[in-house]
Amino acid sequence: MPSRDYRAPLDGVPRYTRWEQVPKGWYTRTQLARMDPPRKPGPDAKPRGQVLYHGNSYAPLYALDDTVTKRPVSPAQRAALDRARELQRVCRLCDGCETDEYGDPVPLGKGRVCGPCERVRRNYVLHLDSREFARVLREGLRAGTAVLAAVDNPARPQRLVMTGSALRLDVRLPSPNDPPPSGSPAAREKQAQETFASITRRLAGAGLPTDGMLTVICWQDAALIRRNLAGAFHLPQPSGWLAEHTWYSLDVWYGRWYAAPAKGVLDPLRFSHDWGVNPTDVGGDLADRVHALGLALDAMADDHPDTVSPGAPWITRPAAISDLHAQQRSR
């Protein structure tokens, strides 16, 4: 990642990687400003060259003939400029600063937000996105276009539980270990497809869409569950409510919303999510899992403040999002 004061090289302008290579009479803006009297590039001046500094940045070089004398600065103006320059190195949110390899404060650029505060804000935006996603999913549950689902084993599902606004479904799926009906593998395949058809009828009877418009919400491994259910039902291609784009895993969204730090790291600049966070009972019986899935969705959608991780970066560093809170209140 480039530093905040990184300057990319200019196109079509000679580059010099060492100061002794710079032609005599060519100066950077900083060097011109330190002259007595101070100078600056003229109105139409264009860089004659550029010189490498700080290892990866290029400073434009101007010929002395292309510069003009700066207008003298009054003491009051100088004090104001110094103050403005000083503020450029102070985060407007936390009053902290960042330093370079030599321990000197560096300019923070437009917005004057330090790196740790920027990281907090990015994670807070992920939190808000997850909350909005949960609200959309919950609205689908209330509108009768979505269901909560869980299976006993994502790799080899043998039991499927689904709940919705008017649906309570608990189905045992055909297992490869079951003896074939009437001693025929073809009969077993027919039985599996009849089970799929019966689930489709149950969904339709509950007023739920049975085509690709149905949203199925799992805790995790939604794509794996969908794929292996298709195999359990002996379906060459997923169809109807097994369509791929209708299945969602909630665990990643919950991890972003809950924002527990991985391995106890509380430094906002090094924060990463603990993706193993589980709401209570998500790992219990299937009926308990589906119930806990609904509770997790409600917690996200309602944004209960007491259920977000106490280690969430915006909890440990609230100043970083103070202006974001003000913007939300004004809406």
Side-chain angles (χ1 to χ4, degrees), residues 129-130 133-256 275 282-283 285-287 289-294 296-297:
D129 288 346
S130 298
F133 180 72
R135 290 177 177 178
V136 170
L137 291 183
R138 188 172 68 174
E139 183 57 34
L141 286 172
R142 293 173 174 176
T145 60
V147 294
L148 303 171
V151 297
D152 56 342
N153 183 350
R156 184 172 291 183
Q158 297 184 32
R159 182 184 166 205
L160 169 66
V161 173
M162 281 187 179
T163 64
S165 58
L167 176 73
R168 296 292 182 274
L169 184 147
D170 189 340
V171 178
R172 185 178 182 276
L173 307 177
S175 169
N177 298 325
D178 293 340
S182 306
S184 168
R188 176 194 290 159
E189 182 174 328
K190 181 179 179 181
Q191 180 190 43
Q193 294 178 357
E194 287 176 349
T195 302
F196 175 78
S198 70
I199 295 174
T200 302
R201 289 193 295 270
R202 289 281 301 277
L203 293 172
L208 290 154
T210 58
D211 56 10
M213 298 304 294
L214 179 68
T215 298
V216 183
I217 309 165
C218 302
W219 172 245
Q220 61 184 3
D221 299 327
L224 179 66
I225 292 172
R226 183 199 63 84
R227 184 169 65 251
N228 289 328
L229 278 175
F233 293 127
H234 297 280
L235 300 174
Q237 292 292 332
S239 61
W241 54 273
L242 271 175
E244 181 174 6
H245 68 278
T246 63
W247 288 65
Y248 292 103
S249 299
L250 195 65
D251 60 335
V252 172
W253 294 90
Y254 187 89
R256 290 172 177 164
W275 300 115
V282 162
D285 180 75
L286 282 186
R289 291 189 210 175
V290 173
H291 179 67
L293 181 58
L297 195 62

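Heavy-atom basis, side chains included; hydrogens, waters and symmetry copies ignored.
Across Thr210, Leu242, Val171, a single residue satisfies side-chain contact (heavy atoms from CB on, under 4.5 Å) together with Ile199, and that is Val171. For the side-chain contact (heavy atoms from CB on, under 4.5 Å) with Leu208, the lone residue among Leu214, Thr215, Thr145 that qualifies is Leu214.
Here the CG atom belonging to Asp221 is positioned 13.0 Å from the CZ atom belonging to Arg226, to the nearest 0.5 angstrom. Atoms CZ and CE, on Arg202 and Met162 in that order, are 10.5 Å from each other to the nearest 0.5 Å. With rounding to the nearest 0.5 Å, the separation of CD1 in Ile225 from CH2 in Trp219 is 12.5 Å. Between atom CZ of residue Phe133 and atom CG of residue Leu250 there is a gap of 7.0 Å, rounded to the nearest 0.5 Å. One distance of note links CG of Leu229 with CZ of Arg156; it measures 13.5 Å at 0.5 Å rounding. Within the model, atoms CG of Asp152 and CG of Leu173 stand 7.5 Å from one another, a figure rounded to the nearest 0.5 Å.
The side-chain heavy atoms of Pro238 and Glu244, taken from C-beta on, include no pair separated by under 4.5 Å. Side-chain contact check for Phe233 versus Glu194: every heavy-atom pair is 4.5 Å or farther apart. Put simply, the side chain of Leu293 does not reach to within 4.5 Å of the side chain of Thr163, judged on heavy atoms. Between Leu169 and Val161, the closest side-chain pair of non-hydrogen atoms is not below 4.5 Å.
Residue Ala150 comes nearest to Arg289 through the heavy atom pair CB-CB, 4.4 Å, listed as atom of the first residue, atom of the second, then distance. Closest of all the heavy-atom pairs between Ala146 and Ile217 is CB-CD1, 4.4 Å. In plain terms, the two heavy atoms of Ser165 and Gly144 that are nearest each other are OG-CA, 3.8 Å. Looking at every heavy atom in both residues, Ser249 comes nearest to Ala222 through OG-N, 2.9 Å. Summarising the geometry of Leu224 relative to Ala155, their closest heavy-atom pair is CD2-N, 4.4 Å, with the distance given to 0.1 Å.
Although no hydrogens or angles enter the test, the distance criterion places a donor-acceptor pair under 3.5 Å between the side chain of Asn228 and the main chain of Pro154. Proximity of a side-chain donor or acceptor of His245 to a complementary backbone N or O of Gly212 within less than 3.5 Å is detected. Remark: side-chain polar atoms of Gln158 are not paired, donor with acceptor, to backbone N or O of Arg172 under 3.5 angstrom.
Enclosure of atom CD in Gln193 by more than 12 non-hydrogen atoms of other residues, nucleotides or ligands within 6.0 angstrom is indicated.
Between Arg159 and Asp170, at least one side-chain nitrogen of the basic residue sits less than 4.0 Å from a carboxylate oxygen of the acidic one, meeting the salt-bridge criterion.
Taking the six-membered ring where the residue is Trp, the centroids of Tyr248 and Trp253 are separated by 6.0 Å or more. Taking the six-membered ring for Trp and the full ring otherwise, the centers of Trp241 and Phe196 sit less than 6.0 Å from each other.
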